[in-house]
**Student:** 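Shown below is the structure under consideration.
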2 protein chains.
Amino acid sequence: MTVRNASVKDVAAAAGVSLGTVSNVLNRPDRVSPSTRERVERVMAELGFVRNESARQLRAGKSRTLAYVVLDAGNPFFTDVAAGIDDAADDAALSLVLCNSANRADREAAHLALLEQQRVQGILITPVDPDAVALDLIARRGTPIVVVDRTRRVEDFCTVSVDDVLGGRLAVEHLVDRGHRRVAVVGGPTTIGQVHDRYAGARAAWADAGLDPDDLVELATEAMTVAEGRSAGERLSGLPGRRRPTAAFCVNDLLALGLLQQSIGSGRSVPGDLAIIGYDDIEFAAAAAVPLTSVRQPRHQLGRTAASLVLDESSDPDHRHQQVTFTPELVARASTL
Amino acid sequence: MTVRNASVKDVAAAAGVSLGTVSNVLNRPDRVSPSTRERVERVMAELGFVRNESARQLRAGKSRTLAYVVLDAGNPFFTDVAAGIDDAADDAALSLVLCNSANRADREAAHLALLEQQRVQGILITPVDPDAVALDLIARRGTPIVVVDRTRRVEDFCTVSVDDVLGGRLAVEHLVDRGHRRVAVVGGPTTIGQVHDRYAGARAAWADAGLDPDDLVELATEAMTVAEGRSAGERLSGLPGRRRPTAAFCVNDLLALGLLQQSIGSGRSVPGDLAIIGYDDIEFAAAAAVPLTSVRQPRHQLGRTAASLVLDESSDPDHRHQQVTFTPELVARASTL
DNA sequence: CATCGCTTTTGAAACCTTTCACTGACAGGA
DNA sequence: TCCTGTCAGTGAAAGGTTTCAAAAGCGATG
């Protein structure tokens, strides 16, 4: 029965009706008499008919998918953002595909090219470089793009992000409140916009508290991973007692978890000898052996909003670009008690 | 210049050549004279021409993508498997799209239907129910399917998995070696094939060591999450001293991390009062405050192999289905010292 | 100049679906 | 009986790309 790739034509012939009728069964079943419809449907099942989405799309001009080009599929933060997007896509009866750029510009470019050729409804992206010109070209040619968790210098399309300066500020204010007067800021590279902003917020809060800038120690890392967090911990241990900070603000939770592990492993108590605060509030932060204080970003909300912006842009002819900024929130736990 | 959706026809007209020549520039540039090629390419850039992948695919009959329908995009285990698939897809110059079924059969079905309509080269899937008949239908109609990290009762297509009975055995043998004579097995629900197999391996190892089955305490959980791990820890604390196990084997790392957190938080030392062993060896296992002993699965390898099987099936006419089983490996760390 | 061999270019057909103006058939009303 | 309106079904056209046989162009050779 099952025929390799039966088409509407085959179905029509086998059911003794015209092409148009088969198409109507598929797309407007109410315009076909019940008896005919049933016969056609039976034939479709027998022949193993599967609609050819390429042909349909060619005719329709647009696809039924949304795409998210994610920066690092292994980072729980991004998978949560993706879950938010997925929710919104579900509501709009679109399906979401994830593409992983793994922080590599060449992979990102390849994915973008294919997505544009596929005429996806819209592209959500956390780009390797938010100011890359390739994004402009694609947007100008008509595919809606929304930048997620990054901002651009020129505001020529929608972006959704979180106020990272405020986040850095919240973290340091919290530590100052707890009485810390010598604090490390751990993170890098500062070429990443987020890292830069969080540092800036940290410095501003420190200055506002009237503290000496020299007592806010910046500890640069090469990446934001657990391993880098451990190595930062070793560098911290190496400092002489009086120069050693009593607290550390890590610009993401992976760093914080690494630092936490290294500290406990080398016999220091957290928060007694070293208070630690992270950023992102990923699920593993609350689950750490010493539950981690962290700056929470509304990541699900971030994804949901980004998706609704891209949908608006693709459907509303007089769409206006927006820059949505969310507010981060401090979640205090045992690591800074 | 930029025209909304320029087609090869528009390019041909603007460059003063025929359709066929434009197509040749795109697909066989060597057959076009340098001067013509250059002119056509310039016009394409001016017009903002973007190849219509639907039309191309309609003609070609197949697409350039591979899809992985992942069970839970938030679980680091699966993102690592996906990274392995991605590697192999890259090598074959295919692009990989990820679809998240989020453990829901309806979402899985929707994704599968669309992927089949899109005529993807192949589908990799960690299914909600490996024995679901929908998979057979799709495979029978000609889309190669490979089941990842699950096995099927009927071996009618390729599967790639890890020997979970052996994994359970390794974990319990390790604990017995360390002198434990009263051990908890934490996990569930046992309707999941993997969980069932790991339990079975654990029991077999226990029996082989000549120990009393009553001293292998099974602690069922409703899901395999950090929160469930914590709650299992509370139940464990509630047991009277002599009945309380000295070690726990958790059937995945999320459970183990939750149990670890709860134990330390309530003042028990690990591994002194309770040794803990997990399963999967996700990155956060090594990074826990007490580094976690775990059973490692070759997850990258798993993905890579699955991708190469699906590619083989889609290209080699006399492909034979294979059931590949990998061997897990114990990674001993401080939590079972 | 005719012929040959080679490279470059052409134009039509094919891929499969959807749409839409149209035909037939039939029932009800005048 | 004739007309009108409704409903079911029809068939051709369109959408953009690739392929392939055939044509054209062109320099060299006899």
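Letters go in sequence order (proteins before strands), and every chain restarts at 1.
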**Student:** Show me the protein contacts with nucleotides 21-25 of chain C, counting only N or O atoms at under 3.5 Å.
**Tutor:**
none

**Student:** Of the nucleotides D:dT18, D:dG15, C:dC16, which has the atom closest to the A:R59 side chain?
**Tutor:** D:dG15
**Student:** Quick check for you: to the nearest 0.5 Å, what is the distance between A:N52 atom CG and A:S7 atom OG?
**Tutor:** 9.5 Å
**Student:** Please state how far atom CG in A:L26 lies from atom C1' in C:dT17, giving the value in whole angstrom units.
**Tutor:** 9 Å
**Student:** So, does A:H321 use its side chain to make a donor-acceptor pair with the main chain of A:D156 at under 3.5 Å?
**Tutor:** yes
**Student:** Looking at CZ of B:R320 and CG of B:D318, how far apart are the two atoms once the value is rounded to the nearest 0.5 Å?
**Tutor:** 8.5 Å
**Student:** How bent is the helix from C:dC1-D:dG30 to C:dA30-D:dT1, comparing axes over its five end pairs at each side, to the nearest 10°?
**Tutor:** 70°
**Student:** From the options D:dT18, C:dT17, D:dG16, select the nucleotide whose nearest atom is closest to the side chain of A:L19.
**Tutor:** C:dT17
**Student:** Do the side chains of B:Q118 and B:T65 get nearer than 4.5 Å, heavy atoms only?
**Tutor:** no
**Student:** Just one of B:I125, B:T126, B:V128, B:V160 clears the side-chain contact (heavy atoms from CB on, under 4.5 Å) bar with B:R150, so which one?
**Tutor:** B:T126
**Student:** Need one value for B:S23: base, sugar-phosphate or nothing, where a base atom within 4.0 Å counts as base even if backbone is also close, heavy atoms only.
**Tutor:** base
**Student:** Quickly work out the A:K9 NZ to C:dT17 C1' distance and round it to whole Å.
**Tutor:** 11 Å
**Student:** Give a yes or no on whether the backbone of B:N100 and the side-chain of B:R107 come within a donor-acceptor separation of less than 3.5 Å.
**Tutor:** yes
**Student:** How long is the gap from OG1 on A:T21 to CZ on A:R37, to the nearest 0.5 Å?
**Tutor:** 13.0 Å
**Student:** CD of B:E116 versus P of C:dC16: gap in Å, rounded?
**Tutor:** 15 Å
**Student:** Knowing that exactly one of A:D136, A:D129, A:T159 qualifies, which makes a side chain to side chain donor-acceptor pair (under 3.5 Å) with A:R152?
**Tutor:** A:D136
**Student:** Out of curiosity, A:R31 CZ to A:T36 OG1, how far, rounded to the nearest 0.5 Å?
**Tutor:** 15.5 Å
**Student:** Is the shortest side-chain N/O distance from A:R28 to OP1 or OP2 of C:dT18 below 4.0 Å?
**Tutor:** no
**Student:** Sort out for me which residue in A:V8, A:N27, A:V43 forms a side-chain contact (heavy atoms from CB on, under 4.5 Å) with A:V22.
**Tutor:** A:V8
**Student:** Within this structure, what is the CZ-to-C1' distance between A:R51 and C:dC16, rounded to whole angstrom?
**Tutor:** 12 Å
**Student:** Report yes if a side-chain nitrogen or oxygen of A:N27 is closer than 4.0 Å to either non-bridging phosphate oxygen (OP1 or OP2) of C:dT18; otherwise report no.
**Tutor:** yes
**Student:** Please report the distance, rounded to the nearest Å, between CG in A:L58 and P in D:dA13.
**Tutor:** 17 Å
**Student:** Are any protein N/O atoms closer than 3.5 Å to N/O atoms in nucleotides 5-9 of chain D? If there are, list each pair with its distance.
**Tutor:**
unit_1, atom_1, unit_2, atom_2, d
D:dG9, OP1, A:S33, OG, 3.2
D:dG9, OP1, A:T36, OG1, 2.3
D:dG9, OP2, A:S33, N, 3.0

**Student:** Whole angstrom is fine here: how far is it from CG in A:D10 over to C1' in C:dC15?
**Tutor:** 13 Å
